[in-house]
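What you are looking at is a predicted structure, and each value in this text was computed from that prediction instead of being measured.
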Amino acid sequence: MALPSYDLAVIGAGPAGIAAALTAAELGLRTLLLDEQAGPGGQIYRNITGAAPAVADLLGPDYRHGAGLAKRLAAAPLDTRFGALVWDVDADLTLTGTQAGTVFQARAAQLIAATGAIERASPVPGWTLPGVMNAGAAQIALKASGSVPSGRVVLAGGGPLLLLVATQLLDAGVELAGLVETAPAANRWAALPHLPAALGAAGYLLKGWNMVRRLRAARIPWHRAAADLRIEGSRRATALCFSERGCGRRLEADLFLLHHGVVPNTQLTRMLRVEHDWDPAQLAWRPRLDQWGQTSRAGIRVAGDGARIAGALSAEAGGALAALGAAHAVGRIGDAELARRARPLRAALAAHWRIRPFLDALYRPPAWLLDPPDETIVCRCEEVSAGRIREMARLGCQGPNQTKFFSRSGMGPCQGRMCGLAVTQILAAALDQPPQQVGAYRIRPPLKPVPLAVLAASSPPAAAPESEPEETT
Amino acid sequence: MFKTLPGSARRGITFSVDGRELPAREGDTVAAALLNAGVLPFRHTPVSGAPRAPLCLMGVCFDCLVEVDGRHNVQACMEQVRPGMQVRLGAGARRVEAA
């Protein structure tokens, strides 16, 4: 039986993926949009089609903007697969995935990976205890389930999302026992040269200023330039300890929300074997792209926060540009139309980028976070400590993959999603090499664990075209 | 550890956790339903038996793994709770009984 065949497949239905799919469908491309979630929105607009009005109001106009995208998506002439996990992509861009417990496949001439961002891990001693979550997780609980923390909450870390979650929880009536910012004082000086450009993004700055003002008015205990965070507790987290201006401090609470920014989710792009570069400003990996989102592999593009962190509105413009690139590549539009349609999108990208260098500098994670104490668990799945990673470097491991072989870090169910960045950075410090040289975990299919029963029950795939032999290392 | 905001219009349902019937709301993820019901921890790690609960709620951390209707290692944050769903919480590494 022939596989369903498309001009364009888009993996990820957040703002970038939706915008890409809408643009492609509007140009007449046969388009397939896939997402692991039950509906569109990604994380930023999670559950936009199902959230209660009271919850949507609490989340504000930025969240409600997603409703317009979802509405246009529902009316667009394209195929969608929700609850669909794509776990393999062949050399000819044949997708293999699982949906509703069965395996499906589809072929596409062009692929756009729009899998967004993940929160940077904040490995501090005690962070594996129940009762420690990412700040974004609290926001997801609110979006997806209309749920809020029931006890006292301490938020710790840095970044716009930390402040946003704090204000949203405040509005929801949650008791905030403390806000512990970890950005070193020096960050303000590093951010200053970028302030003029940021002033050109007054809307974003004003939003941030309003959040700060409201949190101050609520008289939440506010700590700054905190260092050496550690979480206390035996069966669950009970307190956060840190140093502030040389003094030891301790805050008790029921829930601890950590956040140190978001980074591109490169799990799919790594599995696709496209080239990545280390971004020293955002302290994360990102795929190497041209101005149409084209990666080092023909036919594969990336758009949205998965390309580089620039926010939801930027993701829409980037998704549309990638779709234009794909449409041009399959011959649907010519050079002139491509340039004409791209112009306003490039202007939008530039406008939304203006605030970024300022934010990246202001909220740069502190050095102590990136080089945690020996006893800190870095690989949560296999419980490998920072000290063990450093020991691997001393024994001669030159990068994360050798470290994986000898310590099992990265071998657990999360497949290195949580520990990858930290392991690269710890090794970089231990080997005194730049992260670009140290490298990252090699990611192999399946993209997420697939039950054997699901594979066994699937019908044999259609005869595959001749392909390159798999590399054996 | 969590609670539903008052005024939710979503239908109340029940599901079972290790044989105990617990309330939930239609549309909750299994993770949200467990957190709202105060179930902590979700699992114990295979390596050391350490207690774990969700970190990310978006399918990245794999610390919310539970058994759903006989399916093992399901990410509770990626699964919607359904009436009568049978959830079992993990107990560390799997054991093989001698024949």
Please flag which part of B:Arg71 lies under 4.5 Å from any non-hydrogen atom of chain A: side chain, backbone, both or neither. neither
Should A:Arg408 and B:Val47 be marked as a side chain to side chain contact (heavy atoms under 4.5 Å, CB included) after you check the CA-CA gap, both sets of side-chain angles, and the distance that decides it? CA-CA 11 Å; A:Arg408 289 196 60 85; B:Val47 175; over 6 Å; no
Can you tell me which of B:Gly27, B:Pro41, B:Pro54, B:Ala32 forms the most heavy-atom pairs within a distance under 4.5 Å of chain A? B:Pro54
So which part of A:Ala172 gets closer than 4.5 Å to some heavy atom of chain B, the side chain, the backbone, both or neither? both
Any side-chain heavy atom of A:Asp254 sitting closer than 4.5 Å to one from B:Met1? no
Check each atom of A:Pro149 against the heavy atoms of chain B and say whether the ones under 4.5 Å are side chain, backbone, both or neither. both
If I measure from the heavy atoms of chain B, does A:Leu258 come under 4.5 Å with its side chain, its backbone, both, or neither? neither
Any chance you could measure B:Leu35, atom CG, to A:Ser145, atom OG, to the nearest 0.5 Å? 9.0 Å
So which atom in A:Ser234 and which in B:Pro51 form the shortest heavy-atom distance, rounded to 0.1 Å? O-CG, 4.4 Å
Quick one: what part of A:Glu382 sits under 4.5 Å from any heavy atom of chain B, side chain, backbone, both or neither? both
Under the side chain to side chain contact (heavy atoms under 4.5 Å, CB included) criterion, do A:Leu142 and B:Leu5 qualify, and how do the steps go? CA-CA 9 Å; A:Leu142 185 55; B:Leu5 279 174; 3.7 Å; yes
Heavy atoms of B:Thr45 and A:Glu383 approach each other most closely as OG1-OE2, 2.7 Å
Is the number of heavy atoms from other residues, nucleotides or ligands under 6.0 Å of A:Phe406 CZ greater than 12? no
For residues B:Met78 and A:Leu85, determine if any side-chain heavy atom of one lies less than 4.5 Å from a side-chain heavy atom of the other. no
Need one label for A:Ala141: side chain, backbone, both or neither, based on atoms under 4.5 Å from any heavy atom in chain B. both
Would B:Leu57 and A:Arg46 count as a side chain to side chain contact (heavy atoms under 4.5 Å, CB included) if you check the C-alpha gap in whole Å, the side-chain angles of each, and the deciding distance to 0.1 Å? CA-CA 12 Å; B:Leu57 288 184; A:Arg46 181 144 173 182; 5.7 Å; no
Who wins among A:Gly136, A:Gly146, A:Ala144, A:Gly173 for the most heavy-atom pairs under 4.5 Å with chain B? A:Gly146
Is any side-chain heavy atom of B:Phe62 less than 4.5 Å from a side-chain heavy atom of A:Lys448? yes
Over all heavy atoms of both residues, which pair between B:Asp63 and A:Arg380 is shortest? Give the atoms and the distance, please. OD2-NH2, 2.6 Å
Which value, rounded to the nearest 0.5 Å, describes the distance between B:Leu55 atom CG and A:Leu257 atom CG? 10.0 Å
Min side-chain heavy-atom separation A:Ile118-B:Cys56 under 4.5 Å: no
Measuring from B:Gln75:CD to A:Cys414:SG, what's the distance to the nearest 0.5 Å? 10.0 Å
Can you tell me which portion of A:Val55 sits under 4.5 Å from chain B's heavy atoms? Options are side chain, backbone, both or neither. side chain
